Amino acid sequence: MAKNGADILIDALLAEGVEYVFGLPGGSVIALYDALYDVPLKTILARHEQGAGHMADGYARATGKVGVCLATSGPGATNLVTAIATAYMDSAPIVAITGQVKTNLIGNDAFQEADITGITRPVTKHNYLVKDVRDLGRVVREAFHIARTGRPGPVLIDLPADVTAAALEGDVNTKLDLPGYKTFGGKGHIGQVKKMARAINAAERPVLYVGGGVIISKASEKIRELAAKANIPVTTTLMGLGVFPETQDLSLGMLGMHGTVYANYAVTNSDLLIAIGARFDDRITGRIDGFAPEAKIIHVDIDPTSIGKNVAVDVPVVGDAGMVLEQLIPLVEAKEHSEWLERVAEWKSQYPLSYQSDGDLVKPQAVVEKIDELTGGRAIIVTDVGQCQMWAAQYYRYNEPRTFLSSGGLGTMGFGLPAAIGAQFGRPDRDVFVVAGDGSLQMNIQELSTAVVNHLPVKIALLNNGYLGMVRQWQEMFYERRYSHTYLADGNPDFVKVAEAYGARGILVEKNDQVENAIKEAMKVNDGPVLIDFRTAAEENVFPMVPVGQAIDRMISGMA
Amino acid sequence: MQKHIISTLVANRPGVLARVAGLFSARGFNIDSLAVGETEQPDLSRMTIVVAGDESILEQVRKQLQKLVDVVKIQDFSNVRHVERDLVMIRVQTPPGRRSEVIELVDIFRAKVVDVGRNELIVELAGAEEKIEAFVDVVGPYGIQEMVRTGRIALARAKAEL
Ligand SMILES: Cc1cc2nc3c(=O)[nH]c(=O)nc-3n(C[C@H](O)[C@H](O)[C@H](O)COP(=O)(O)OP(=O)(O)OC[C@H]3O[C@@H](n4cnc5c(N)ncnc54)[C@H](O)[C@@H]3O)c2cc1C
Ligand SMILES: Cc1ncc(C[n+]2csc(CCOP(=O)(O)OP(=O)(O)O)c2C)c(N)n1
Ligand SMILES: [Mg+2]
């Protein structure tokens with residue numbers, strides 16, 4: 001029997017090992033949804049296409065596999081754009097499939113037509129408009145290949161309704177045809193690796209600065225090995241949290257704008273900065289000429305465009321982090337670096353992360369610390385964006401890769417809940433917590449339905465401060481406390497009632513001494529989502545903080 | 001700011017031009033000229049792009065171009081021995097009695113008359129930019145009705161044998 005486009009697509013998804021498709025139907029994909037009705041793919045109905053996109057993304061980040069989302073043409077497709085851009089900025093592998101109007105109507109301002117390949121060109125690694133069913137098998141395979149290899153990223157396939165319906169005579173062609181595609185994913189140039197080893201062996205004050213690329217490369221073990229062999233302290237970016245256990249002495253925690261004082265001091269005073277799978281984001285470097293001013297800089301990255309983009313690099317190495325480390329480690333001499341480590345230890349004891357307790361008030365930092373304690377550091381923490389995100393980064397001690405999922409590059413409010421749903425589908429064996437903000441949560445709160453219907457025990461720790469808190473903090477510090485349009489409390493719903501209205505559990509926490517019990521209670525629920533509405537200290541600030549445009553050792557501590 | 005001629009071999013597919021142009025426009029670069037055409041391999045096209053810009057930003061653009069899935073190869077001719085050409089067609093007025101003057105200029109420049117009207121000629125000239133500009137200068141006074149130029153095209157010279 002001749003296959004039609006929908007059959008070819010579904011066969012190709014199954015061949016790629018896809019378990020879940022997150023999406024929402026509409027006219028141009030109704031035939032596709034019909035075909036999905038009785039195949040072994042689990043199709044998850046999101047309540048908003050942005051939610052579907054973040055679910056695919058959260059699934060991908062939690063598992064390392066490619067996440068898949070599906071939307072109809074026009075508004076369905078444009079609703080995916082924020083999620084696609086979010087995945088793009090953080091190098092998350094997703095394949096987004098969008099319906100399109102029939103090929104003969106493209107360009108006619110047809111009903112629900114949007115030029116989605118044009119719109120997503122700058123926020124996808126690659127995209128396709130499939131105009132001939134004979135191309136479809138190949139395109140789907142290429143899309144998965146491109147999404148997951150090299151520097152991963154989102155790929156979009158736009159599929160006109162008549163191509164979905166068209167019958168293909170003969171065999172499906174699935175042969176990759178990518179003459180221009182390069183992954184740079186191999187070993188490093190051996191000469192460069194040797195230079196790197198010489199620099200490390202000669203360094204007196206080295207720091208390892210590792211990022212999301214190490215997680216992508218599955219190279220956390222090798223980072224640990226290198227750090228242990230040469231006694232090099234390790235700082236991670238927001239995206240690199242989990243690469244190095246924060247319980248170890250060599251851990252400096254996160255660096256950058258809201259990083260630890262000791263990480264930023266160590267970087268500033270280092271004589272060698274070894275950057276691996278990190279991209280020198282401006283949230284990390286602060287004022288460029290004050291960034292690691294005494295250090296030689298080594299940069300290992302799979303993407304040549306990341307190297308030398310923001311900071312001049314002394315030893316560039318293009319390649320896969322894990323493979324380069326494998327080449328490197330035998331060339332590195334065992335070292336003690338005792339003097340340097342003593343200085344680092346001194347900074348650590350002098351400037352620990354800290355906050356002040358205040359009577360009955362629920363401190364957001366304390367909530368995160370309590371989640372850490374009660375989950376033994378083994379939960380998957382998914383964050384929204386803002387202060388809640390920074391506290392989740394600072395006060396939970398991450399031990400493993402893929403346990404901290406956050407929109408770092410785009411900073412997309414509303415990422416948390418849907419991404420956590422995707423993560424929970426991918427990792428049913430783990431506790432999944434959303435550290436949510438009251439502003440962010442309301443941007444995708446409709447996905448509570450998706451969690452309820454699928455009996456997902458996602459725990460939502462809502463740090464409800466009644467403000468768009470991160471913006472309010474800037475207004476407090478840099479705009480004379482003029483809180484222009486950041487107050488939410490007067491319009492916030494009763495979140496417990498909202499949760500209950502969706503069929504989820506809701507727990508209210510107004511006092512410090514209720515925090516522990518609430519989390520324990522939430523952890524007992526395993527057949528559906530629980531929302532804990534923590535009414536946190538309204539004007540709590542995130543510290544330390546490097547003001548924009550300052551060198552990273554100019555931190556405001558807030559405790560003075 | 002130095003001018004760069006970037007020669008890019010790309011897969012001959014829809015959308016490629018938009019991807020390439022997008023990389024330049026997203027960074028506020030103005031493309032001075034752009035020429036696209038098939039190559040000896042029918043599934044590949046060559047885009048020859050002329051841009052002026054800060055070296056560090058261009059470095060980034062070159063790397064970004066290289067990263068595009070449809071881009072097979074890129075070469076910056078700044079430090080490469082190469083031959084470059086532009087083609088121009090000009091419809092120039094030939095006021096009564098002065099046609100032979102224009103034809104004389106055409107001969108001097110080794111240009112070619114490709115169309116003859118009652119009071120105008122179409123002249124075609126290929127060459128390096130300076131030559132084309134010089135020609136435009138000298139025929140200008142007769143009155144240029146319309147002019148069209150291809151973008152610059154360029155090819156690396158054979159490597160000198162050692
Ligand atoms: C409110 C807010 C505040 C923030 N504050 C901070 C802060 O204080 N500190 C902080 O660190 N971040 C902060 N961020 C996040 C920041 O914006 C960036 O997202 C983050 O710093 C980037 O992390 P990264 O360098 O690890 O890069 P990623 O975005 O994770 O990029 C990964 C890099 O690794 C490379 N790579 C991919 N695969 C491989 C491989 N196999 N081998 C080698 N390399 C590979 C990629 O090419 C890329 O260069 C904040 C974000 C928000 C929204
Ligand atoms: C979609 C989107 N819109 C606006 C912003 C700008 N922004 C960054 S943080 C923030 C406040 C977030 O408030 P909330 O979710 O309550 O978290 P809090 O900072 O209070 O913890 C805003 C508005 C953003 N990052 N994303
Ligand atoms: Mg808030």
Side-chain angles (χ1 to χ4, degrees), chain A residues 88 91 103 106-107 115-132 135 138-139 142-147 149-158 176-185 279-280 288 301-313 316 318, chain B residues 2 4 6-31 34 36-49 51 53-76 78-79:
Chain A
Y88 182 72
S91 310
T103 42
I106 291 178
D115 172 13
I116 198 65
T117 49
I119 290 170
T120 58
R121 200 170 289 129
V123 293
T124 48
K125 186 169 170 189
H126 196 56
N127 63 22
Y128 294 92
L129 168 61
V130 183
K131 293 178 94 170
D132 187 330
D135 296 332
R138 172 183 60 81
V139 163
E142 286 181 3
F144 277 81
H145 178 71
I146 292 169
T149 52
R151 178 178 184 170
V155 180
L156 179 135
I157 303 171
D158 199 21
L176 300 183
D177 178 20
L178 295 167
Y181 181 57
K182 318 142 204 83
T183 65
F184 303 102
R279 57 184 175 79
F280 293 85
I288 293 280
D301 204 289
I302 203 167
D303 181 353
T305 67
S306 281
I307 299 181
K309 181 168 56 179
N310 301 333
V311 169
V313 172
V318 176
Chain B
Q2 206 196 331
H4 292 253
I6 298 174
S7 176
T8 313
L9 215 50
V10 302
N12 190 357
R13 290 184 187 153
V16 180
L17 179 59
R19 284 180 213 280
V20 170
L23 281 184
F24 288 89
S25 62
R27 287 165 182 78
F29 268 93
N30 192 21
I31 294 181
L34 170 71
V36 190
E38 270 189 18
T39 65
E40 70 284 358
Q41 291 160 277
D43 50 343
L44 297 180
S45 307
R46 189 181 294 280
M47 294 187 182
T48 309
I49 305 159
V51 283
D54 180 288
E55 175 53 40
S56 69
I57 305 177
L58 264 171
E59 170 76 19
Q60 188 50 218
V61 172
R62 277 196 297 266
K63 287 178 175 176
Q64 296 279 1
L65 273 174
Q66 188 89 64
K67 224 171 103 173
L68 290 177
V69 170
D70 288 331
V71 171
V72 177
K73 192 177 161 207
I74 83 155
Q75 195 173 15
D76 187 331
S78 308
N79 299 309

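Keep in mind that what you see is a predicted model, and the values were worked out from it rather than measured. Order of the sequence lines sets the chain letters (A, B, ...), proteins ahead of strands, with each chain counted from 1.
Residues of residues 23-31 of chain B lying under 4.5 angstrom from chain A, judged on non-hydrogen atoms, do not exist here.
For B:Q66, the parts lying near chain A are the backbone and the side chain together; criterion is any non-hydrogen pair under 4.5 Å. For B:I57, no part sits under 4.5 Å from any heavy atom of chain A, backbone or side chain. For a residue to count as touching a neighbouring chain, one of its non-hydrogen atoms must lie under 4.5 Å from one of that chain's; by this rule A:K309 touches chain B with backbone and side chain alike. For A:D303, the part sitting under 4.5 Å from any heavy atom of chain B is the side chain, from C-beta outward, and nothing else. For A:K131, no part sits under 4.5 Å from any heavy atom of chain B, backbone or side chain.
Between the OG1 atom in B:T8 and the CG atom in B:D70 there is a gap of 12.0 Å [rounded to 0.5 Å]. With rounding to the nearest 0.5 angstrom, the OG1 atom of A:T120 is 4.5 Å from the CG atom of A:L156.
For A:Y181, the ring pair (Phe, Tyr, Trp, His ring centres under 6.0 Å) partners are A:H145, not counting sequence neighbours. Evaluation of the side chain to side chain contact (heavy atoms under 4.5 Å, CB included) rule for A:D177 yields A:R138, A:E142, A:P179, B:R13 as partners, not counting sequence neighbours. For A:V318, the side chain to side chain contact (heavy atoms under 4.5 Å, CB included) criterion is met by A:F184, A:P304, A:I307, not counting sequence neighbours.
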Step-by-step side chain to side chain contact (heavy atoms under 4.5 Å, CB included) determination, A:K125 to B:K67: CA-CA 9 Å; A:K125 186 169 170 189; B:K67 224 171 103 173; over 6 Å; no
Side chain to side chain contact (heavy atoms under 4.5 Å, CB included) between B:L17 and B:L34, intermediate numbers included: CA-CA 10 Å; B:L17 179 59; B:L34 170 71; 3.6 Å; yes
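Looking only at side-chain heavy atoms (C-beta outward), B:V10 and B:V71 come within less than 4.5 Å of each other.
Looking only at heavy-atom pairs under 4.5 Å with chain B, the residue among A:H126, A:K182, A:R151 that has the most is A:H126. Looking only at heavy-atom pairs under 4.5 Å with chain B, the residue among A:N127, A:T183, A:T117 that has the most is A:N127.
A salt bridge does not link B:E40 to B:R46: none of the charged side-chain nitrogens sits closer than 4.0 Å to a carboxylate oxygen.
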